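Everything below concerns the one structure shown next.
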Amino acid sequence: MNEQKNLFEKVWDAHDAGRLSSGRTQLIIGTHLIHEVTSPQAFGMLRDLGLAVRCPHRTFATVDHIVPTNEREEPFSDPLADEMIRELRRNCKDYGITFFDLPSGKQGIVHIVGPELGITQPGTTIACGDSHTSTHGAFGAIAFGIGTTQVRDVLAAQSIAMDKLKVRRINVNGRLSPGVYAKDVILHIIRTLGVKGGIGYAYEYGGEVFDRFTMEERMTVCNMSIEGAARCGYVNPDATTFEYLKGRPYCPSGQEWEEAVSRWSSFASDADCSYDDLVEIDAADIAPTVTWGINPGQAVFINENIPDPEKLSAGERETAREAIAHMALTPGAPIIGTPIDVAFIGSCTNGRLSDLQEAAHYLKGRRVAPGVKAIVVPGSQIVSAIAEKQGLDEIYREAGFEWRGAGCSMCLAMNPDKLVGDQLCASTSNRNFKGRQGSPTGRTMLMSPLMVAAAAVTGEICDAREVFGVETAASQ
Amino acid sequence: MALTKITNITGRGIYLPGDDVDTDRIIPARYLKCVTFDGLGEYAFFDERFDTEGSAKLHPMNEARFGGASILLAGSNFGCGSSREHAPQSLYRYGIRAVLAVSFAEIFFGNSIQLGMPCLTLERQDIEKIAAIIEQNPATPVQIDIAATKITCGGEIFKAGLPEGSRSGLVDGRWDPIAELLENNENVDRVMRALPYMDLRK
Ligand code: SF4
């Protein structure tokens, strides 16, 4: 057999259950993740149609969006949030679905929980009613967000109707300079290819930078694939992947582990497979990146100036004007020096242990600038427990950060953590849409955890490499 | 499950200019706190329509002359951002029955079709032409022929885009695939048995 295939095609073919009359594929979803925001209506539809859950043991639930990160006792003070967690608990109980509930010690953001428990595995299909499901692609899974009616489909039929995607290979070769992180890589990719560039595509990330990246770094990049409009993003499974998964609770062990590794390896893209598109990026070109606008593609390197909308192409101008007006920034001015009100470290993009460690390492002995509210929200209870064992919570508290419980928090502010008025937030999250952080006039600038830490201590957008004297290679 | 065949949609139009309209704008996250989609209609584009005090802002959806419009016209990459079905659900419950845009974000598009709210693409100049016609006279009907993927407005005919699977799904009343997904049990079982991680012993 000399037919060379890429990972996307192999995984797709292994999960293809035939053509539907619409011409679309019936794609088996092997792993289904659910949370409290997009699942209750799906269970409602199941009940209305009198349908059962086909494979309850292949759906896993957690609660993340609405959970308060300071007072965790129930009932929550927000009655709507309280209703949502009770509804999820009831649905999981009624249908026999595993729920990583608050008392389990395993609760957290769905895209952090799946990988750390070893539920996320190479060569699988993963769906969740959440667009950042692309995160799980870091393991060589085809993982994508679905709508609530499709959540119903997965529950009832363990499959969805879908059209095959094209695959764009994105190589990042060379070495990242110190102080440049996975977050900068994906912000740069989105800026380069555009927020619409990925429509119709799965992104396959590779090259030396990805070969060297840890799983957590790969997850940060895959997480934001959707921000570039790619439905999913993935990295081929390799020794780093298997090393990470070994011994995780939901991973096979013993004899079965060896079998799994060989099966997983077989899904990696063949050396001579073809792609629908190929993009080459030089790691040396990437500097710490900050968004200035209202979509994640509106970003500049830290030493660049805020663009003047009038000098941009016709296609970009209108959105840029709107962005400048919303962000209350001065066109042509340096981005450095923009005062901030809030610093947020967390989310499914940058709420993992290595993110918290990296920022803490440099925050030691520093203080948050007066007038800045700084919060750090671990992505899961497991992340939180390990971080506390390592004393990171103390470092953050001493620096003037609030150390919170696990959840989505200020990434989208469905819990009490919200911006107020037109506050400007230096944030490690993934979306800078208008109103995203809870106040319609609130402003968000996306960047890496180290850049948020630097903004927190200086009170303004600044170059973390200078503030912290980052010289030695902290990252690859 | 017999579904209505969606072949023709006629209604008045409403134009929301601008590209990259994201799902946070269509339905702000604070209105996602619900366990059913009922009642979401009143929150469609809430922060675009009302200021923080709750007073109406200048917005097409607040203009009486566009009241009752059911065909939404938009720019490119409409519905980008999150996978929340709350976005198309809120538009549908507001009264929107079809969206015409330069392009759509994929998840939004899929969610809308599966809800029976067709999304068709048009050239930018055609969107602008239709927008100009309804600006002149908001009562002008916008007629969508799904089968022929044609839009008629103000005596002009515009060619629209709609992927074949979605088009035939709508006109044949198969836009919600659930019945078919459930029928195909044997195939599903066969494929799942070949996937060890599905662990069918459990
Ligand atoms: S952290 Fe943010 S992006 Fe991630 S799942 Fe939660 S709300 Fe969505």
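Just the heavy atoms: all of them, side chains too, but no hydrogens, waters or symmetry mates, feed the values below. This structure is a prediction, so every number in the text was calculated from the model and none was measured. A note on names: the letters A, B, ... follow the listed sequences, proteins ahead of strands, and every chain is numbered from 1.
- Enclosure of atom CD in Gln125(B) by more than 12 non-hydrogen atoms of other residues, nucleotides or ligands within 6.0 angstrom is indicated.
- Only the side chain of Met45(A) comes within less than 4.5 Å of a heavy atom of chain B; its backbone N, CA, C and O stay farther away.
- No part of Ala413(A) comes within reach of chain B, as not one of its non-hydrogen atoms sits under 4.5 angstrom from that chain.
- For the pair Arg30(B) (side chain) and Met414(A) (backbone), a donor-acceptor distance under 3.5 Å is absent.
- Looking only at side-chain heavy atoms (C-beta outward), Gln26(A) and Leu181(B) come within less than 4.5 Å of each other.
- Ranked by heavy-atom pairs shorter than 4.5 Å toward chain A, the options Glu48(B), Arg84(B), Arg167(B), His86(B) are led by His86(B).
- Ranked by heavy-atom pairs under 4.5 Å with chain B, the list Asn430(A), Ile226(A), Ile199(A), Thr441(A) is led by Ile199(A).
- Of the charged side-chain nitrogens involved, at least one lies within less than 4.0 Å of a carboxylate oxygen, so that Arg25(B) and Glu322(A) count as a salt-bridged pair.
- Contacts between Ile160(A) and chain B at a heavy-atom distance below 4.5 Å involve the backbone alone (N, CA, C, O).
- Residues Asp189(B) and Arg54(A) are paired through a salt bridge, judged by an N-O separation under 4.0 Å between the basic side chain and the carboxylate.
- Two residues are said to be in side-chain contact when any heavy atoms from C-beta on lie closer than 4.5 Å; Glu85(B) and Gln41(A) fail this criterion.
- For a residue to count as touching a neighbouring chain, one of its non-hydrogen atoms must lie under 4.5 Å from one of that chain's; by this rule Ser439(A) does not touch chain B.
- You'll find the side chain of Asp19(B) stays beyond 4.5 Å of the side chain of Glu318(A), heavy atoms only.
- With a 4.5 angstrom heavy-atom cutoff, Arg436(A) touches chain B via backbone and side-chain atoms both.
- Each of Val37(A), Thr38(A), Asn295(A) has some count of heavy-atom pairs under 4.5 Å with chain B, and the biggest count is that of Val37(A).
- For residues 32-40 of chain B, the interface with chain A (any heavy-atom pair closer than 4.5 Å) comprises Leu32(B), Lys33(B), Cys34(B), Val35(B), Thr36(B), Phe37(B), sorted by residue number.
- In this structure the side chain of Glu106(B) reaches within 4.5 angstrom of the side chain of Leu165(A), judged on heavy atoms.
- Two residues are said to be in side-chain contact when any heavy atoms from C-beta on lie closer than 4.5 Å; Ser83(B) and Ile146(A) fail this criterion.
- Between chain B and the residues Cys55(A), Ser21(A), Pro40(A), the largest count of heavy-atom pairs under 4.5 Å involves Ser21(A).
- Contact of Ile119(A) with chain B is not made at all, since no heavy-atom distance falls under 4.5 Å.
- Using a 4.5 Å cut-off between heavy atoms, His15(A) touches chain B through backbone and side chain atoms alike.
- A salt bridge links Asp20(B) and Lys196(A); the closest N-O separation between the charged side-chain nitrogens and carboxylate oxygens is under 4.0 Å.
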